[in-house]
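A note on names: the letters A, B, ... follow the listed sequences, proteins ahead of strands, and every chain is numbered from 1.
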Amino acid sequence: MKIKALNGFKDIVPGEVELWQKVEETARDIFARFNFNEIRMPILEKTELFARSIGEATDIVEKEMYTFVDKQITMRPEATASLLRAYIQHGLHVQKPIQRLFTIGPMFRHERPQKGRLRQFHQMDVEVLGTPNPRVDAELMAMGAMLLEELGITVSLEMNSLGCPVCRPGFREALLDFIEDRKESLCEDCARRSRTNPLRVLDCKNPTCREQVEEAPSIQEHLCEECGEHFQAVQDGLQQLNVQYSLNKFMVRGLDYYSRTTFEFITRDLGAQAAVGAGGRYDGLVEKLGGPKVPGIGFAMGLERIVLLLQQQEEKAEESDRIDIFVAGLGEKASEFAFPLAHTLRRTGLLTAMDHEGRSLKSQMKQANKAHARYVLIIGENELEQGAAVLRNMETQEQQEIAVSDSLSSDLLEILSPAQKS
RNA sequence: GUGGGUGUAGCUCAGUUGGUGGUAGCACCUGGUUGUGGCCCAGGAGGUCGUGGGUUCAAGUCCCAUCACUCACCCCA
């Protein structure tokens, strides 16, 4: 019986992994430009960490987590909680009043897989801890937009404010009143949501619900003075940075910890999975997890979704399997000589390949061609006797005799020096 | 957790009213060139037809079950 990967788990094989590398490299570059530092956390955490941060009543915690029940340990379903745990544990707030951190890695949620949604998926996650400054909100969104733009992905940025513990209860009341009035015309899901998480009614996809909800009270009009000013300042910042965005009063988030600014980078090209990236502010969360009273904001982007978009755009990453030299030994004696020679070449930093199967020269040339080798070093019995080998430039088809002995000739190294790579 | 679609070679797929699994494409190997790549030509290898049952003289094909994949709902990155 064949063993296959688990449902919702995927291998990233050669040919596909290049695109991932490109995305990760671009992300690291952008994050560095914005003065972010990398942090890496373990994948397993105490279950309690996620229950307390994401929220006991959320779908993620209620039914989507991979948990070792007997040990009360869970594979992280998102990065923010782990990152904050590490931040608190290591007293990073003492080392620097404002921390700008990012991490890239796998997350786990036991959902039914579909397009753009897997059980093990990968996120890049960015967090700024220690400042409530609305400029940082704008800066983060600008960074996300810059990253996607640099990758050649077109998205729209939508944002909203969810208010704070001062003003949200008032809005909640107003919304519940509104829902109560239209109870009859809302869908079953919304009836349930109105009890568990009324804000979610706002982003129901059911067309009739949408119509009804058009007239719902807007959180943006229920913000307290401070939240209102903050919201305005974020928008001013976005305009200063020339970031295109639109306000979406219906956008709410599925995690409990968000406050004030929330935003999503949205695409129309991934079917049901519209969000390529999303995040927001969580000013009370660090304290809730037992840390200092510091505000924070962050966002996560889904690597799978970005890669899917790039694949759809056929923006294939450049072939990165070009090698410097293929060492072709003809016959057992020559191969025996070539074996350590290839090793020496690798020591000097050259991308070197050779065949161990004793195949014909023709076959080895084919292999070299497929590997996009710049040069082939042909070592036959004849050459061996004279301490020489033939070096063929695969592009120009020029060949020259080159002296090889136990130590490599300087000629060879000069020709092959990595600096010469075009 | 709920619905729909699809399962044939490593990949993309043909397969007629049930009658021996495909000169199919890509990829792979060998040869055409006794020691020289790409193009071309010839040959080769590669399959429990997702799995288990049933109908039948005979099942890739019809029936039932099951599993997997996939899309959508829910939810989310």
Side-chain angles (χ1 to χ4, degrees), chain A residues 1-10 13-16 54 58-64 77-80 104-126 144 148 155 187-190 192-193 196-197 200 203-206 252-255 263-267 270-280 298-309 326 328-331 334 357 359-383 389-399:
Chain A
M1 164 180 153
K2 262 194 225 168
I3 298 179
K4 293 197 284 187
L6 292 169
N7 189 10
F9 290 72
K10 281 251 187 316
V13 294
E16 192 183 353
I54 298 169
T58 58
D59 280 13
I60 294 178
V61 171
E62 259 182 8
K63 52 191 192 199
E64 294 174 2
E78 56 116 38
T80 304
I104 301 177
M107 310 292 157
F108 305 84
R109 291 183 201 171
H110 191 101
E111 300 177 271
R112 194 79 166 263
Q114 66 187 73
K115 185 173 189 175
R117 189 173 79 185
L118 294 172
R119 288 183 171 172
Q120 175 177 334
F121 60 105
H122 299 77
Q123 289 186 337
M124 23 198 198
D125 188 76
V126 171
L148 292 170
V155 295
C187 69
E188 278 176 41
D189 286 324
C190 282
R192 175 176 51 78
R193 278 191 279 247
T196 56
N197 190 349
R200 294 224 67 89
D203 71 347
C204 183
K205 283 175 198 142
N206 183 308
V252 296
R253 316 265 33 251
L255 288 63
F263 55 94
E264 287 183 1
F265 294 99
I266 297 188
T267 176
L270 283 181
Q273 270 54 244
V276 175
F299 71 81
M301 285 195 180
L303 274 287
E304 277 79 3
R305 292 181 185 180
I306 289 173
V307 168
L308 268 176
L309 286 170
F326 189 101
L330 300 178
E357 312 307 318
R359 292 206 239 253
S360 67
L361 178 59
K362 173 175 174 159
S363 170
Q364 296 196 52
M365 292 299 289
K366 279 189 178 176
Q367 289 178 59
N369 183 52
K370 265 174 222 143
H372 304 117
R374 292 163 58 220
Y375 289 91
V376 173
L377 186 66
I378 301 166
I379 304 168
E381 308 265 332
N382 303 345
E383 287 88 349
V390 173
L391 184 69
R392 177 182 176 88
N393 181 322
M394 292 296 274
E395 218 166 298
T396 65
Q397 304 186 28
E398 282 166 344
Q399 297 194 169

K.L.:
Report yes if at least one side-chain N or O of Q114(A) is closer than 4.0 Å to OP1 or OP2 of rC71(B); otherwise report no.
P.N.:
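No, no such contact exists.
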K.L.:
Return the 5'-most residue of the pair N393(A), A274(A) with respect to RNA chain B, ranking by each residue's nearest nucleotide.
P.N.:
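Nearest nucleotide further toward 5': that of N393(A).
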K.L.:
Does V252(A) or E381(A) map to a spot on RNA chain B nearer the 5' end, using the closest nucleotide for each?
P.N.:
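In this pair, the answer is E381(A).
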K.L.:
Can you tell me if K63(A) touches the phosphate of rC76(B), counting only side-chain N or O atoms and a distance under 4.0 Å to OP1 or OP2?
P.N.:
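The answer is no; no side-chain N or O of K63(A) sits under 4.0 Å from OP1 or OP2.
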K.L.:
Looking at R117(A) and rC75(B), is any side-chain donor or acceptor paired with a base atom of the opposite kind under 3.5 Å?
P.N.:
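Side chain to base: pair found, below 3.5 Å.
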K.L.:
Looking only at atom C1', what distance separates rG10(B) and rG47(B), rounded to whole Å?
P.N.:
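Per the computed distance, 12 Å lies between those C1' atoms.
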K.L.:
For rU30(B), does either OP1 or OP2 sit under 4.0 Å from a side-chain N or O belonging to S363(A)?
P.N.:
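Looking at the OP1 and OP2 atoms of rU30(B), one of them is under 4.0 Å from a side-chain N or O of S363(A).
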K.L.:
Between rC41(B) and rG53(B), how far apart are the two C1' atoms, rounded to whole Å?
P.N.:
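Going atom to atom, C1' in each nucleotide, I get 49 Å.
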K.L.:
Less than 4.0 Å between a side-chain N and a carboxylate O, is that true for E111(A) and R119(A)?
P.N.:
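E111(A) and R119(A): not salt-bridged.
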K.L.:
Counting the atoms with a prime plus P, OP1 and OP2 as sugar-phosphate, which does R112(A) contact under 4.0 Å by heavy atoms, base, sugar-phosphate, or nothing?
P.N.:
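R112(A): base contact, heavy atoms under 4.0 Å.
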K.L.:
Report which part of the nucleic acid G116(A) touches: base, sugar-phosphate, or nothing (heavy-atom distance under 4.0 Å, all strands).
P.N.:
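Base, at least one base heavy atom under 4.0 Å.
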K.L.:
Ignoring hydrogens and angles, are the base of rU36(B) and the side chain of Q399(A) linked by a donor-acceptor pair under 3.5 Å?
P.N.:
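For Q399(A), whose side chain was compared with the base of rU36(B), there is a donor-acceptor pair (under 3.5 Å).
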